[in-house]
Amino acid sequence: MKLVPLGDRVVLKQLEAEETTKSGIVLPGQAQEKPQQAEVIAVGPGGMVDGKEVKMEVAAGDQVIYSKYAGTEVKLDGEEYIIVKQSDILAVVK
Amino acid sequence: MKLVPLGDRVVLKQLEAEETTKSGIVLPGQAQEKPQQAEVIAVGPGGMVDGKEVKMEVAAGDQVIYSKYAGTEVKLDGEEYIIVKQSDILAVVK
Amino acid sequence: MKLVPLGDRVVLKQLEAEETTKSGIVLPGQAQEKPQQAEVIAVGPGGMVDGKEVKMEVAAGDQVIYSKYAGTEVKLDGEEYIIVKQSDILAVVK
Amino acid sequence: MKLVPLGDRVVLKQLEAEETTKSGIVLPGQAQEKPQQAEVIAVGPGGMVDGKEVKMEVAAGDQVIYSKYAGTEVKLDGEEYIIVKQSDILAVVK
Amino acid sequence: MKLVPLGDRVVLKQLEAEETTKSGIVLPGQAQEKPQQAEVIAVGPGGMVDGKEVKMEVAAGDQVIYSKYAGTEVKLDGEEYIIVKQSDILAVVK
Amino acid sequence: MKLVPLGDRVVLKQLEAEETTKSGIVLPGQAQEKPQQAEVIAVGPGGMVDGKEVKMEVAAGDQVIYSKYAGTEVKLDGEEYIIVKQSDILAVVK
Amino acid sequence: MKLVPLGDRVVLKQLEAEETTKSGIVLPGQAQEKPQQAEVIAVGPGGMVDGKEVKMEVAAGDQVIYSKYAGTEVKLDGEEYIIVKQSDILAVVK
C-alpha cells in the first residue's frame, strides 16, 4: 500500500530522533525533541489548489525542514507519515 | 435512499476500527482510535465552488486518508457517513 | 405570508424528530437529537454573492442534509424555518 | 432629519415586539424575544463595496428577516433604527 | 495644525453628548452615552486602498453615523478627533 | 547605520512625550500617555506588497498620526524607532 | 549541509546577544533581550507564492531587522537558524 497525495500535499517520513544522548543516556520517547527534518516520500501533482496555481518544488528523496505543528500524522501498515502542504516546507537540506 | 453531494463535497464511509487488539482483548467503542482511512461513496460534481474552479480528483471506491476533525457526520438509514470537502482529503491509498 | 430568500440563501423546514424511540418511550424535546435533514421550501435567485457568481443547485421540495450549527432559525406565522446559504447544504437525499 | 445609508447599508425599523402574551400577561421589555422582522426604511446606493459590485435588492417598505446580532443600533430623534449590510438580510416576507 | 487623512480615512469630530438630562440633572462624563453622530472634518483622497478602488462619498461638514468601537481617537491641539475608514461610516444624516 | 525599510514599511521616530505637566509636575515615564504622533524617518519603495500595488504617500520629515498598537519597536544605536506599514498611518499633520 | 529555502522564505542567523553589560556584568541567557537583528544566510527563489508574485529584495550577507515572534527556529549541525518569510523582514540595516 502506498500514499498518493492530492493537490499540493506532500507525504513526509520524519527522521528518527536520536534515542541516545552524547553522554550515552538513553532518552525515553517523550524526552526526545521532535525533529523537524524529514524525508519526502511522495509529492502531489500540484496544479490549481484553492484557486491558485501551485508548482511542486520538492521531490521524493529530498531532505526537508517543515513547519512545526503543520501537517497531519497518518499511520499506514504500522509506519507513521506526516502529510503537509508544500507551503509548510520551509527549506531543503542539501 | 442515497446521498448526492453538492459542489466539491465527497461522501465517505469510515473503515471499521478494529475492535479486537492483537492480544485478543475486545476494546469498547471509545477506546478505539478513530481511523482516518475511509472509502469514497459519492463525489460531488465540482465546478465553481466559492468563486474557484474545483476539479474532482477522487472517485467512488477510492480508499482515502482525510483530515482529522474535518467534515460532518451524517446518519442515513442507520448508516453513518462523513461528508467532507475534497480539500480535506489528503491522499489516496493505493 | 411567505419567505423569499435573497442571494444564495435557501429556506429549509426541518424534518420532525421522532418523538418515540423504537421501544416506545416518548422522548421530551431536548432529548431528541436535532435532525440535520430538511426540506427545501424556497430558494434565492443566486447570482453575484459577495463578489462571486453562485448558481443555485437545489430546488423547493428537495430533501437535503445541511451543516450542523449553520443558518438562522426564523419563526413566521408560528412555523419555524431555517435560512442557510446554499454552501451550507452538504448533499441532497434521493 | 433622515438617515441616508452609504454603500450596501440598509436602514431598518424593527417591528414592535408584542408586549402581551396570548393569555394576557404583560411582559416587561427584557422578557420579550427580540423580533428579527423589520421594515426597510432606506436603502444605500450599492455599487462598489469593499472591491465588489453590490446590487441592492430590497426597497423601502419591504418587510425583511435579518440576521440575529447583525447591524448597529442607532437612535435619531428618539426613534431607534438598525443599520445592516444588505448581506445581513436573509429574506423578504411577502 | 490640521489633520490630512490618508487613503480612505475620514477625520470626524464627535458631537457633544448632552450633559444635562431632560429633568435637569447634570451627568458626569462617564454616565453620558457616547453619541455615534459626528461631523466630518476632513476626507482622505480615496483611490487604491488595500488593492481596492475606493471612491469617497462623504464631504467635510456632513453629519454622519459611524460604527460603534470603530476608529482611532486622536488629540491635536487639545481637540479630540476620531479617524475612521469610510467603510465605518454607516449613514449620512440629512 | 540607518534603517532602509522594505515594501510598504515606514520607519517612524516617536515625538517625545512631555515630561512635565502644565502645572509643572514631572511625570515618571509610565504615567505619560504614549503620543501617537511621530516623524517619518524613512519610507520603503512601495510597489507590489502581498499581491497589491502600494504607492507611498508619506515622505521623510512628515509629522504623522499612526494607529495605536501598530508597528514594531526597534532599537538601533541606542535610538528607538517604530516600523509600521503605511496603512497604519492614519493622517499627516500639517 | 546547507539550507535552501523554498518560495519567499529567507534563512537568517541571529546576531549574538551581548552577554556582558556595559558595566561588565555577565548576563545569563534568559536575561538577554533577544535581538531582532540578523544576517541573511540564504534567500528563496521567490516567484508565485500563495497565488501572488513575490520578488526577493534581500540578499545573503544583508543585516536585517525582522518581526518579533515571526519565523521558525531550526537547528542544523548544531547551529541555530530562523526561517522567515520575506514579508517578516521589516528593514535592512545599512
Side-chain angles (χ1 to χ4, degrees), chain E residues 1-14 29-30 34 36 38-62 64-90, chain F residues 5 7-12 14-23 27 31-40 43-71 82-94:
Chain E
M1 279 202 290
K2 68 178 223 219
L3 288 164
V4 180
L6 291 185
D8 62 343
R9 295 293 192 338
V10 175
V11 179
L12 301 178
K13 178 116 198 73
Q14 213 171 28
Q30 72 275 35
K34 209 175 133 185
Q36 290 167 259
E39 191 182 323
V40 175
I41 301 299
V43 178
M48 286 306 283
V49 176
D50 197 30
K52 293 162 197 156
E53 182 70 31
V54 177
K55 202 181 128 222
M56 301 312 284
E57 285 166 46
V58 293
D62 281 357
V64 298
I65 303 288
Y66 66 99
S67 184
K68 261 187 282 206
Y69 312 118
T72 300
E73 293 181 13
V74 165
K75 210 180 257 189
L76 190 73
D77 295 338
E79 291 275 309
E80 280 197 13
Y81 299 96
I82 299 137
I83 304 183
V84 298
K85 293 177 144 272
Q86 180 175 259
S87 57
D88 290 321
I89 298 181
L90 306 173
Chain F
D8 62 342
R9 295 290 191 341
V10 176
V11 178
L12 300 178
Q14 213 171 26
L15 300 189
E16 292 300 314
E18 298 199 6
E19 276 166 49
T20 318
T21 63
K22 286 181 183 170
S23 52
L27 291 166
Q32 298 162 30
E33 216 184 291
K34 209 175 135 186
Q36 292 167 257
Q37 206 169 330
E39 191 182 323
V40 175
V43 179
M48 287 305 285
V49 177
D50 197 30
K52 293 161 196 156
E53 182 71 32
V54 177
K55 201 180 129 225
M56 302 313 284
E57 286 165 45
V58 293
D62 281 357
Q63 300 290 316
V64 298
I65 303 288
Y66 66 99
S67 184
K68 260 188 282 206
Y69 312 118
I82 299 137
I83 304 183
V84 299
K85 294 177 144 273
Q86 181 175 259
S87 57
D88 290 321
I89 298 181
L90 306 173
V92 178
V93 182
K94 286 198 172 151

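Everything numeric here is computed off the predicted structure, so don't read it as measured data. Every chain is numbered from 1 and lettered A, B, ... according to where its sequence line falls, protein lines coming before strand lines.
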K.L.:
What is the distance from atom CE of E:Met48 to atom CD of F:Glu53, rounded to the nearest 0.5 Å?
P.N.:
8.5 Å
K.L.:
Which bit of F:Val54 comes within less than 4.5 Å of chain E, counting heavy atoms only: side chain, backbone, both or neither?
P.N.:
neither
K.L.:
As an exercise, state the distance from CD of E:Glu73 to CD1 of F:Ile65, rounded to the nearest 0.5 Å.
P.N.:
13.0 Å
K.L.:
Nearest heavy-atom pair of E:Gly7 and F:Glu57: which atoms, and what distance?
P.N.:
N-OE1, 4.2 Å
K.L.:
Roughly how far, to the nearest 0.5 Å, is the CG atom of E:Leu6 from the CD1 atom of F:Ile89?
P.N.:
6.5 Å
K.L.:
Could you tell me the separation between the CD atom of F:Gln37 and the CG atom of E:Leu76, rounded to the nearest 0.5 Å?
P.N.:
6.0 Å
K.L.:
side-chain contact (heavy atoms from CB on, under 4.5 Å), that's the test. Do F:Val93 and E:Lys2 meet it? Break it down for me.
P.N.:
CA-CA 6 Å; F:Val93 182; E:Lys2 68 178 223 219; over 6 Å; no
K.L.:
Please round to the nearest 0.5 Å and tell me the distance separating atom NZ of E:Lys52 and atom NZ of F:Lys52.
P.N.:
6.0 Å
K.L.:
Side chain, backbone, both or neither: which part of E:Ile83 has an atom under 4.5 Å from a heavy atom of chain F?
P.N.:
side chain
